[in-house]
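Note that the coordinates shown come from a computational prediction; the quantities given were computed from them, not determined experimentally. Indexing begins at 1, ligand by ligand and atom by atom, following the structure's order.
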Amino acid sequence: MNLLIIGPPGAGKGTQSEMLCEKYNISQLATGDILRFNVKNETELGLQAKSYMASGKLVPDELIINMMKDEILKPVYANGFILDGFPRTIAQADALNILLEEFGKTLDKVIILKVPNEKIIERMSGRRICRSCNRTYHIIYNPPPMDGECSCGNSDIYQRDDDKEETVIKRLEVYDAQTSPLVEYYKSKGKISEINGDNDLNAVFLNIVNSIS
Ligand code: ADP
Ligand code: ADP
């Protein structure tokens with residue numbers, strides 16, 4: 001099964017993707033995670049992407065599309081994937097169509113997660129990430145199982161630099177301007193589920209699963 005999840009920063013895309021991967025035995029393809037890995041390792045791509053990410057802007061389409069061409073062919077996605085954070089522009093969505101066609105794949109469902117902006121700031125300020133496995137937590141709504149320790153056993157749980165309030169506000173503006181047009185784009189193609197993400201995370205998950213099956 002191949003899925004795509006779209007929503008503003010903090011909507012719960014990463015959280016729901018993790019749960020969907022477990023349920024359907026598919027792999028998460030999160031462009032933000034791949035980019036952060038490249039920034040940390042100071043690769044050519046990381047050096048080019050770093051300043052855009054730090055200021056809450058989108059990394060240029062060309063860099064992202066080239067990155068995706070390599071990524072989507074990896075064997076780990078052969079059994080299915082959930083795209084989280086890509087596409088983020090109409091140009092990226094057009095490029096995805098071409099890539100899928102080339103590799104004989106289709107999207108089974110496009111999940112749109114809706115959360116009002118005022119809820120986003122609170123979610124982002126409490127977001128924490130495991131440096132080892134990238135699992136997402138929230139200090140109140142989804143705390144790590146043991147104090148400061150991820151379920152993978154690692155105890156290096158950190159806060160992203162771009163989760164500070166002024167960068168989150170910028171990222172929400174970028175979402176409204178550049179990514180939200182994708183909702184209409186995919187509506188016109190069918191196969192979409194619009195889900196209220198402003199709900200308990202298990203309730204959101206159940207609604208997504210019901211809309212898929
Ligand atoms: P969130 O989950 O909070 O929406 P991500 O981890 O997906 O954030 O992305 C973090 C940053 O990485 C974005 O603000 C942007 O700078 C960059 N990024 C990630 N995916 C893309 C993409 N598809 N196109 C352009 N930039 C991207
Ligand atoms: P995204 O990938 O869309 O940027 P995340 O999955 O990282 O969003 O979620 C953002 C923050 O909100 C995280 O700290 C996460 O634990 C928390 N969160 C996710 N879903 C919910 C929910 N339904 N209710 C409350 N908090 C949530």
In terms of residue, atom name and distance, what is the protein heavy atom nearest to [atom]?
atom	value
atom 13 (C) of ligand 1	Arg88 NH2, 4.0 Å
atom 8 (O) of ligand 2	Gly12 N, 3.1 Å
atom 23 (N) of ligand 1	Gly85 O, 2.8 Å
atom 14 (O) of ligand 1	Arg171 NE, 3.8 Å
atom 16 (O) of ligand 1	Lys57 O, 2.6 Å
atom 26 (N) of ligand 1	Val59 N, 3.1 Å

Side-chain heavy-atom pair Leu83, Tyr77 within 4.5 angstrom cut-off:
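A side-chain contact under 4.5 Å is absent here.
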
Return the option from Arg123, Arg135, Gln159 holding the heavy atom at the smallest distance from atom 20 (N) of ligand 2.
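Result: the heavy atom closest to atom 20 (N) of ligand 2 is in Arg123.
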
Could you say whether the N/O atoms of [X] and ligand 1 ever approach to under 3.5 Å?
X	value
Met124	no
Asp84	no
Arg127	yes

Identify whether the distance between the nearest side-chain nitrogen and carboxylate oxygen of Glu71 and Lys74 falls below 4.0 Å.
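So Glu71 pairs with Lys74 through a salt bridge.
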
For Arg128, is there an ion pair with Asp163 - N to carboxylate O distance below 4.0 angstrom?
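Here Asp163 does not pair with Arg128 in a salt bridge, since their nearest N and O are not under 4.0 Å apart.
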
Donor-acceptor contact present, side-chain Lys191 to main-chain Leu107, <3.5 Å
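Yes, the answer is positive, given that a donor and an acceptor are paired below the 3.5 Å cut-off.
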
Heavy-atom contacts under 4.0 Å between Pro8 and ligand 2: side chain, backbone, both, or neither?
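For Pro8, only backbone atoms sit under 4.0 Å from ligand 2.
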
Determine whether the side chain, the backbone, both or neither of Asp198 has a heavy atom under 4.0 Å from any heavy atom of ligand 2.
neither

Which of the atoms in ligand 2, numbered in the order shown and given with their element, are less than 4.0 Å from a heavy-atom of Gly14?
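Close to Gly14: 1 (P), 2 (O), 6 (O).
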
Which of the numbered atoms in ligand 2 are under 4.0 angstrom from any heavy atom belonging to Lys13?
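Answer, ordered by atom number: 1 (P), 2 (O), 3 (O), 4 (O), 6 (O), 8 (O).
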
Is Gly7 in contact with ligand 2, taking contact as a heavy-atom separation below 4.0 Å?
no

Any luck finding a side-chain donor-acceptor pair between Asn117 and Tyr175 under 3.5 Å?
no

Derivation of the side-chain contact (heavy atoms from CB on, under 4.5 Å) call for Cys150 and Ile157:
CA-CA 7 Å; Cys150 179; Ile157 291 177; 4.2 Å; yes

May I ask whether Val39 and Leu47 are part of the same hydrophobic cluster, defined by side-chain heavy atoms of I, L, V, M, F, W, Y residues being less than 4.5 angstrom apart, directly or through others?
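Each belongs to a different hydrophobic cluster.
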
